[in-house]
Amino acid sequence: MRSLFLIMCITFYTYFLNAQNLEFVWLNKDRRAYEKIDLAKGEIWSKPLTGNYALLYKIEIQKLDLRDVPLDVDIQVNGFNVNKNITYFTMPGTGMVFLLNRTLHTFTRIDETFYRGYNFQATQFFYKGKLYSLGGSGFWNVHSTLTYYDFNRKEWEMVDTKGAIKPERIYSWHAGYNPKLQKVYALESSPEYQTEVNPVFRFFELDVRTLTWTFKGLVDLSKFSKYNISRLDMTYFGDFFYLNPKSQSGLIVDPEKNELLIYQGPKKLFWGLTQKNFEINGYVYSLMPRFTSAHSVDILDSIPLKDIRKYFVVKDTFYDAPLFPWDWKDFALGLMSLVIIGGTMKVIQVNAAKPKSKKFVVVNSEKSVWDLLPINGLMILDFVIEHGCDYLFSTEEISKILGCDKKAFDTQRQYRSKFISNFNTFFEEHFHISNAIYRITSEEDKRFVCYQISEQVVKAYRSYLKSQE
């Protein structure tokens, strides 16, 4: 009986292991076709917008362990054509980046990402030869961090953005990138978005050229109830957002002109939940499956993007301009700061009236280059000297040394990323040592990363300590 139970367990395990989905489909707009990439079989298939799938060619899968692919029913990817031969793919939530070489018929994982799970539903785009990822969710948190993929380091790095008011949470279904204007438009949903009846969103614009956020105004979902809209899920094409309503109403938003428009054209079945609406080379398409008893037939229709306003009527504004050029959160923070400053000044005035004893401070006239080391850098090095050159840091230990271990997970990641970047830059500039801190995969659990200090760095620091004796 025990043997039978063991056989059943092995059978079920094998079934679910083999049931893992290892293929994904994406719309290749440059080729006007859907492409399906089967990672398990090493095949790429193509289907015209209204046709059937046909095998294009076999591909060689390189540097990819299929066990790293998420066990999801449907793998989500974003594809970016660099030219007719090279396509990059990103897999939100994993940090993985792939390169499809259509000339060599190879599909290669090119990243060495360790941080995973923090950017599901991220808004990703390609700008001036760089892959960008904005916002996303993971570890019970939603953020608005902007990162780019560094092709040299093979890792995602943080990008600092500017702006008096910045969004705190961004989802891909509430944002979109306009490559012509080089801008990202984003709705910031509240943390209670899923449970609120009529949530209010803050609407932002990010100028990718200057990396500057602009707070445009507030979007109140309650005023869209007349159009049967209960969620502001959006699809971006051309210069417009298409709102995905429950009816065939066809609602679009012009974020630049702050207009909500409704379709009044003759093609009543052009928009809706059943149809797939997308934009290719200046045309908006509607692809609707029509089922019969024998098979399905895809019905394709299109509207020139330049003529789209001919079929729409402006019904309302999309967002309401803010009453003040600043956010109430910033105002409250500023008011609190004034109170604290006022209290501090009072204490200073009281202490200034007290007689002070003279203090003698000894200043070392000869500064060392080690004084330029980033804050907490010496603590890291002293920790290594204490535990040995081969010591492997966990992310928790790094965060604790940096003093950010009590902060949110994503904030800790930002602290670590900035520190490692500054630490490595210091040793590259002053000691010509590359990768002073480098990441390696944990031997105990391949999903996690450890850190190690370069042996050259330890030797340099020991020489410095010896010179101070």
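Residues take their numbers from the sequence shown, with the count starting at 1. Scope of the values below: all heavy atoms of this structure, side chains included, with no hydrogens, waters or symmetry mates.
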Is any side-chain heavy atom of [X] closer than 4.5 Å to a side-chain heavy atom of [Y]?
{"X": "Val25", "Y": "Tyr53", "result": "yes"}
{"X": "Asp316", "Y": "Ile262", "result": "no"}
{"X": "Tyr451", "Y": "Arg416", "result": "yes"}
{"X": "Leu243", "Y": "Leu260", "result": "yes"}
{"X": "Phe201", "Y": "His174", "result": "yes"}
{"X": "Ile37", "Y": "Leu100", "result": "yes"}
{"X": "Leu66", "Y": "Leu39", "result": "yes"}
{"X": "Tyr283", "Y": "Pro304", "result": "yes"}

Report task. Using the test ring-ring contact (aromatic ring centres under 6.0 Å, His included), find all partners of Tyr149 that sit at least two apart in sequence or belong to another chain. Result -> Phe151, Trp156
Measuring from atom [atom1] of [X] to atom [atom2] of [Y], what distance do you get when rounded to the nearest 0.5 angstrom?
{"X": "Ile252", "Y": "Thr235", "atom1": "CD1", "atom2": "OG1", "result": "12.5 Å"}
{"X": "Asn101", "Y": "Glu60", "atom1": "CG", "atom2": "CD", "result": "11.0 Å"}
{"X": "Glu43", "Y": "Glu23", "atom1": "CD", "atom2": "CD", "result": "9.5 Å"}
{"X": "Phe89", "Y": "Arg109", "atom1": "CZ", "atom2": "CZ", "result": "15.5 Å"}
{"X": "Ile165", "Y": "Trp213", "atom1": "CD1", "atom2": "CH2", "result": "12.5 Å"}
{"X": "Ile401", "Y": "Ile380", "atom1": "CD1", "atom2": "CD1", "result": "4.0 Å"}

**Report entry** CA sep, side-chain torsions, deciding dist, call: Arg309, Glu259, side-chain contact (heavy atoms from CB on, under 4.5 Å)
**Finding:** CA-CA 11 Å; Arg309 279 187 170 272; Glu259 294 176 341; 2.7 Å; yes
Minimum heavy-atom separation for [X] to [Y], with atom names?
{"X": "Glu112", "Y": "Glu155", "result": "O-OE2, 3.7 Å"}
{"X": "Thr123", "Y": "Ala175", "result": "OG1-CB, 3.4 Å"}
{"X": "Gly238", "Y": "Leu305", "result": "CA-CD2, 3.4 Å"}
{"X": "Pro92", "Y": "Gln76", "result": "CD-O, 3.5 Å"}
{"X": "Ile437", "Y": "Asn424", "result": "N-OD1, 2.8 Å"}
{"X": "Phe426", "Y": "Pro374", "result": "CB-CD, 4.1 Å"}

Just checking [X]: does its [atom1] atom have more than 12 heavy atoms from other residues, nucleotides or ligands closer to it than 6.0 angstrom?
{"X": "Lys154", "atom1": "NZ", "result": "no"}
{"X": "Lys63", "atom1": "NZ", "result": "no"}
{"X": "Gln62", "atom1": "CD", "result": "yes"}
{"X": "Lys418", "atom1": "NZ", "result": "no"}
{"X": "Lys400", "atom1": "NZ", "result": "no"}
{"X": "Asn52", "atom1": "CG", "result": "no"}

Testing the 3.5 Å rule here: is there a donor-acceptor pair between the side chains of [X] and [Y]?
{"X": "Gln124", "Y": "Thr90", "value": "yes"}
{"X": "Glu157", "Y": "Tyr148", "value": "no"}
{"X": "Gln275", "Y": "Ser286", "value": "no"}

Are [X] and [Y] close enough that their ring centres sit under 6.0 Å apart?
{"X": "Phe98", "Y": "Trp26", "result": "no"}
{"X": "Tyr311", "Y": "Phe270", "result": "no"}
{"X": "Tyr88", "Y": "Phe80", "result": "no"}
{"X": "Phe383", "Y": "Phe393", "result": "yes"}

Just by modelled atom types, is the [Y] backbone N or O under 3.5 Å from a matching donor or acceptor in the [X] side chain?
{"X": "Glu279", "Y": "Gly282", "result": "yes"}
{"X": "Thr106", "Y": "Thr108", "result": "no"}
{"X": "Asp111", "Y": "Val97", "result": "yes"}
{"X": "Ser421", "Y": "Ser417", "result": "no"}

Query raised in the report: For the ring pair (Phe, Tyr, Trp, His ring centres under 6.0 Å) test, which of Phe125, Tyr177, Phe126 pairs with Tyr132?
Result: Phe125
Requested in this report: Determine which pairs satisfy salt bridge (Lys or Arg N to Asp or Glu O under 4.0 Å) with at least one residue from residues 174-185, sequence neighbours left out, and list them in order.
Outcome: Lys180-Asp239, Lys183-Glu205, Lys183-Glu256
Query raised in the report: Does the pair Phe241 and Phe318 meet the rule for a ring-ring contact (aromatic ring centres under 6.0 Å, His included), with working shown?
Result: CA-CA 11 Å; Phe241 280 119; Phe318 180 58; 7.1 Å; no
Report task. Mind running side-chain contact (heavy atoms from CB on, under 4.5 Å) on Asn81 and Asn28 for me, showing each step along the way? Result -> CA-CA 8 Å; Asn81 288 326; Asn28 189 337; 2.8 Å; yes
**Report entry** Pi-cation contact, Tyr34 with Lys276 (under 6.0 Å, within 45°)
**Finding:** yes
Requested in this report: Take Asn435 and Arg153 through the test side-chain contact (heavy atoms from CB on, under 4.5 Å) and record every step on the way to the result.
Outcome: CA-CA 10 Å; Asn435 296 320; Arg153 292 182 180 271; 4.2 Å; yes
**Report entry** Salt bridge Lys36-Asp38, side-chain N to carboxylate O under 4.0 Å
**Finding:** no
Requested in this report: Start with the C-alpha gap between Trp271 and Val284, add the side-chain angles, then the distance that decides, and say whether side-chain contact (heavy atoms from CB on, under 4.5 Å) holds.
Outcome: CA-CA 11 Å; Trp271 315 93; Val284 180; 4.0 Å; yes
